[in-house]
K.L.:
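Can you keep this structure in mind? I'll have questions shortly.
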Amino acid sequence: MRLYEKTASELSEMMEQKTCSAVEICKDVLDRIAETEDKVGAYVTCCEDCLQQAEAVDQARSAGKKMHPLAGIPIGIKDNISTKGIRTTCSSKMLEHYVPPFDATVMQSIRSANMVITGKMNMDEFAMGSSTETSYFHPTRNPHDVTCVPGGSSGGSAAAVASGEAILTLGSDTGGSIRQPAAFCGVTGLKPTYGRVSRYGLVAFASSLDQIGPIAKTAKNCAYLLGAIAGYDPHDGTVSRRETEDYTAKLGKEIKGLKIALPKEFFAEGIDVEVKEAVLAAAKTYEAMGAQLVECSMPSLKYAVAAYYLIASAEASSNLSRYDGIKYGHRSKTGDTFQELICNSRSEGFGNEVKRRILLGNYALSSGYYDAYYRKAMALKQRISAEYAHIFESCDVILTPTTPSVAYGVHENISDPVKMYQADICTVTVNIASLPAISTPCGYSKNGMPIGMSIVGKQFDEATILQVADAFEKQFSTIAPSL
């Protein structure tokens with residue numbers, strides 16, 4: 001077994017025992033990138049100094065310095081997270097040449113932990129998409145089958161972990177953008193509670209929904225990475241002051257007596273039979289461990305996608321107004337007037353999906369339509385949150401499919417935005433209600449494609465969903481990509 005195939009916790013232990021070094025791990029990951037990147041396309045930018053970063057870790061460890069458990073572990077960063085001195089493009093022509101002068105708060109944490117930054121991961125442009133096909137630079141492919149999409153918008157982050165091009169990655173999740181690609185690529189992805197991780201330095205898409213989170217091979221490794229990046233930050237007015245905890249503390253503890261809710265709407269029409277059967281089989285596995293299954297209902301699920309896209313697009317139209325070629329972003333070489341220059345800059349700098357959502361958001365917020373659309377979407381937000389709260393009065397976690405289907409073919413759905421949006425039905429309610437959720441593999445289709453299940457928890461109860469995911473992972477064997 002090569003080093004890139006091991007988990008972060010295994011590699012950390014090996015470095016502690018001096019059976020391998022950070023440089024050896026980094027070299028093996030770089031070799032893997034050289035072997036597979038032309039097939040997968042997970043990166044936008046590779047860091048040329050990652051070996052020097054690894055050498056510094058080995059030197060510090062040799063000098064007897066106490067190191068963070070994740071020190072020396074190669075990590076890829078989604079390309080919408082600000083990295084000082086490293087190009088941050090949001091996979092858009094609009095920011096093609098932007099090199100930030102500052103680090104996002106999560107990057108300060110990553111650097112403090114002495115993790116090795118391998119590069120910036122490909123994504124759907126400005127995190128708008130579900131297949132990583134809207135990237136300005138190139139599409140990303142699924143390591144399990146390169147004729148299929150990896151999901152999105154954190155497709156590069158998930159594909160890199162699945163293929164071994166990174167040991168850990170950071171993604172962002174606005175409506176499922178960590179969990180959906182994790183499910184498609186057969187890895188584990190965690191969307192923390194809104195406000196658990198600072199958004200300072202995350203390029204904004206929808207500010208009330210965005211959240212940074214980890215992607216890894218296992219829940220245990222997600223727990224370690226969450227512990228490194230979670231916490232209060234005075235730069236972010238929406239981050240929680242609530243104390244962080246040891247997210248590994250519950251790992252390995254039995255789940256006997258835990259109540260797991262199964263909302264019937266998540267297993268109804270529109271969910272592929274293979275996906276439904278795999279998740280229900282996982283529920284039976286939990287029942288065999290001593291957990292209690294509780295059937296319940298979430299009636300507002302049928303309205304969730306519409307509410308999500310109205311809220312997200314409205315916020316996006318506001319957040320992206322700053323990219324006009326004057327203050328920020330690509331500037332057109334044509335335009336005789338101020339207005340023409342802005343129009344041309346935005347027309348050239350943004351892709352079709354970004355333009356579509358800006359138009360939708362402006363329409364929803366415009367005079368005469370605000371009450372008809374946006375206000376109703378916000379009312380649904382409260383209703384969905386109330387339905388989750390009602391379920392959590394009697395249950396500890398909620399189990400659902402992560403996606404209605406397994407990964408589909410490249411170009412299969414990209415020309416049908418409505419179909420793409422409906423595919424987010426299983427994930428968007430978590431962001432609307434500001435809850436934590438983790439996706440982990442629970443089966444494979446007849447064609448060998450991964451199936452993911454989502455475990456949703458109460459606000460700030462990441463430790464429990466990590467415990468539940470970890471308990472299943474110990475009973476389940478994952479299949480490595482065929483690359």
K.L.:
With sequence neighbours excluded, what pairs up with Y408 under the ring-ring contact (aromatic ring centres under 6.0 Å, His included) test?
P.N.:
F184

K.L.:
Say whether, by atom type as modelled, one donor and one acceptor occur between the side chain of S318 and the main chain of E315 under 3.5 angstrom.
P.N.:
no

K.L.:
Looking at every heavy atom in both V279 and P401, which two are closest together, and how far apart are they?
P.N.:
CG2-CA, 3.8 Å

K.L.:
Quiz question: by atom type and distance under 3.5 Å, do the side chains of T402 and S439 form a donor-acceptor pair?
P.N.:
yes

K.L.:
Look at atom CZ of R2 and say whether more than 12 heavy atoms of other residues, nucleotides or ligands are closer to it than 6.0 Å.
P.N.:
yes

K.L.:
Under the 3.5 angstrom rule, does the side chain of T134 hit a backbone N or O of M128 as a donor-acceptor pair?
P.N.:
yes

K.L.:
Is any side-chain heavy atom of Q211 closer than 4.5 Å to a side-chain heavy atom of S172?
P.N.:
no

K.L.:
Can you name the closest pair of heavy atoms from F205 and D210 and give their distance?
P.N.:
N-OD2, 3.0 Å

K.L.:
Would you say the side chain of R32 lies within less than 4.5 Å of the side chain of D28, judging by non-hydrogen atoms?
P.N.:
no

K.L.:
Check whether T427 reaches the backbone of G175 with its side chain - one donor and one acceptor, N or O, closer than 3.5 Å.
P.N.:
yes

K.L.:
Apply ring-ring contact (aromatic ring centres under 6.0 Å, His included) to Y421 and list each qualifying residue two or more places apart in sequence or on a separate chain.
P.N.:
Y309

K.L.:
Is the closest side-chain donor-acceptor distance between T83 and K120 under 3.5 Å?
P.N.:
yes

K.L.:
Between E10 and I167, is any pair of side-chain heavy atoms under 4.5 Å apart?
P.N.:
no

K.L.:
Please determine whether the number of non-hydrogen atoms from other residues, nucleotides or ligands lying under 6.0 Å from atom CD of E16 exceeds 12.
P.N.:
no

K.L.:
Let me confirm one number: the OG-CG distance from S405 to N413, rounded to the nearest 0.5 Å.
P.N.:
7.5 Å

K.L.:
State whether K84 and D103 are salt-bridged, where the test is any N-O pair (Lys NZ or Arg NE/NH1/NH2 against Asp/Glu carboxylate O) under 4.0 Å.
P.N.:
no

K.L.:
Can you check whether V116 reaches V29 side chain to side chain, under 4.5 Å on heavy atoms?
P.N.:
no

K.L.:
How close do A219 and I438 get, counting heavy atoms only, and between which atoms?
P.N.:
CB-CD1, 4.1 Å

K.L.:
Side chains of K78 and S157: any donor to acceptor distance under 3.5 Å?
P.N.:
no

K.L.:
Is there side-chain contact between T464 and K458, with at least one heavy-atom pair below 4.5 Å?
P.N.:
no

K.L.:
Where the side chain of D424 meets the backbone of G176, is there a donor-acceptor pair that is under 3.5 Å apart?
P.N.:
no

K.L.:
Is any side-chain heavy atom of R346 closer than 4.5 Å to one of K355?
P.N.:
no

K.L.:
Verify whether one side chain among T440 and E473 offers a donor that lies under 3.5 Å from an acceptor in the other.
P.N.:
yes

K.L.:
Can you check whether G155's main-chain N or O pairs, donor with acceptor, with T132's side chain at less than 3.5 Å?
P.N.:
yes

K.L.:
List the atom of R357, the atom of E353, and the distance in Å for their closest heavy-atom pair.
P.N.:
NE-OE2, 2.7 Å

K.L.:
Would you kindly say whether Q180 and S130 are connected by a side-chain donor-acceptor distance under 3.5 Å?
P.N.:
no

K.L.:
Sorted by first residue and then second, give each ring-ring contact (aromatic ring centres under 6.0 Å, His included) pair with at least one member in residues 76-103; sequence neighbours left out.
P.N.:
F102-Y200

K.L.:
In the structure I gave you, are the side-chain heavy atoms of T238 and S207 within less than 4.5 Å of one another anywhere?
P.N.:
no

K.L.:
Strictly by modelled atom types, are Q53 and D49 linked by a side-chain donor-acceptor pair under 3.5 Å?
P.N.:
yes

K.L.:
How would you list, by chain and number, every residue that makes a salt bridge (charged side-chain N to carboxylate O under 4.0 Å, His left out) with D470, sequence neighbours excluded?
P.N.:
K474

K.L.:
Kindly write out the residues that satisfy ring-ring contact (aromatic ring centres under 6.0 Å, His included) with F460, not counting sequence neighbours, or none if the list is empty.
P.N.:
none

K.L.:
For F126 versus M94, what's the shortest heavy-atom pair and its separation?
P.N.:
CE1-CB, 4.1 Å

K.L.:
Considering only heavy atoms from C-beta outward, does the side chain of Y323 approach that of V354 to under 4.5 Å?
P.N.:
no

K.L.:
Are any side-chain N or O atoms of D233 and backbone N or O atoms of H235, one a donor and one an acceptor, separated by less than 3.5 Å?
P.N.:
yes

K.L.:
Looking at D124, is its backbone amide N or carbonyl O close enough to the side chain of S91 to form a donor-acceptor pair, meaning the two atoms are under 3.5 Å apart?
P.N.:
no

K.L.:
Using every non-hydrogen atom in the two residues, find where R199 and D236 come nearest and quote the distance to one decimal.
P.N.:
N-OD2, 2.9 Å

K.L.:
Will you find, in the side chains of E125 and S92, an N or O donor that is under 3.5 Å from an N or O acceptor?
P.N.:
yes

K.L.:
Donor-acceptor pair, D173 side chain versus K191 backbone, under 3.5 Å?
P.N.:
no

K.L.:
Quiz question: by atom type and distance under 3.5 Å, do the side chains of H144 and N142 form a donor-acceptor pair?
P.N.:
no

K.L.:
What I want to check is whether the side chains of E348 and S332 have a donor and an acceptor closer together than 3.5 Å.
P.N.:
yes

K.L.:
Side-chain donor-acceptor pairs under 3.5 Å in residues 37-46, sequence neighbours left out?
P.N.:
{"from": "E37", "atom 1": "OE1", "to": "A42", "atom 2": "N", "distance (Å)": "3.1"}
{"from": "E37", "atom 1": "OE2", "to": "A42", "atom 2": "N", "distance (Å)": "3.1"}
{"from": "E37", "atom 1": "OE2", "to": "Y43", "atom 2": "N", "distance (Å)": "2.9"}
{"from": "K39", "atom 1": "NZ", "to": "E35", "atom 2": "O", "distance (Å)": "3.0"}
{"from": "Y43", "atom 1": "OH", "to": "T118", "atom 2": "OG1", "distance (Å)": "2.8"}
{"from": "Y43", "atom 1": "OH", "to": "E165", "atom 2": "O", "distance (Å)": "2.6"}
{"from": "T45", "atom 1": "OG1", "to": "R87", "atom 2": "NE", "distance (Å)": "3.2"}
{"from": "T45", "atom 1": "OG1", "to": "R87", "atom 2": "NH2", "distance (Å)": "3.3"}

K.L.:
Is the number of heavy atoms from other residues, nucleotides or ligands under 6.0 Å of Y444 OH greater than 12?
P.N.:
yes

K.L.:
Taking the side chain from S154 and the backbone from S177, do they hold a donor-acceptor pair closer than 3.5 Å?
P.N.:
yes

K.L.:
Would you call E96-K93 a salt bridge at under 4.0 Å N-O?
P.N.:
no

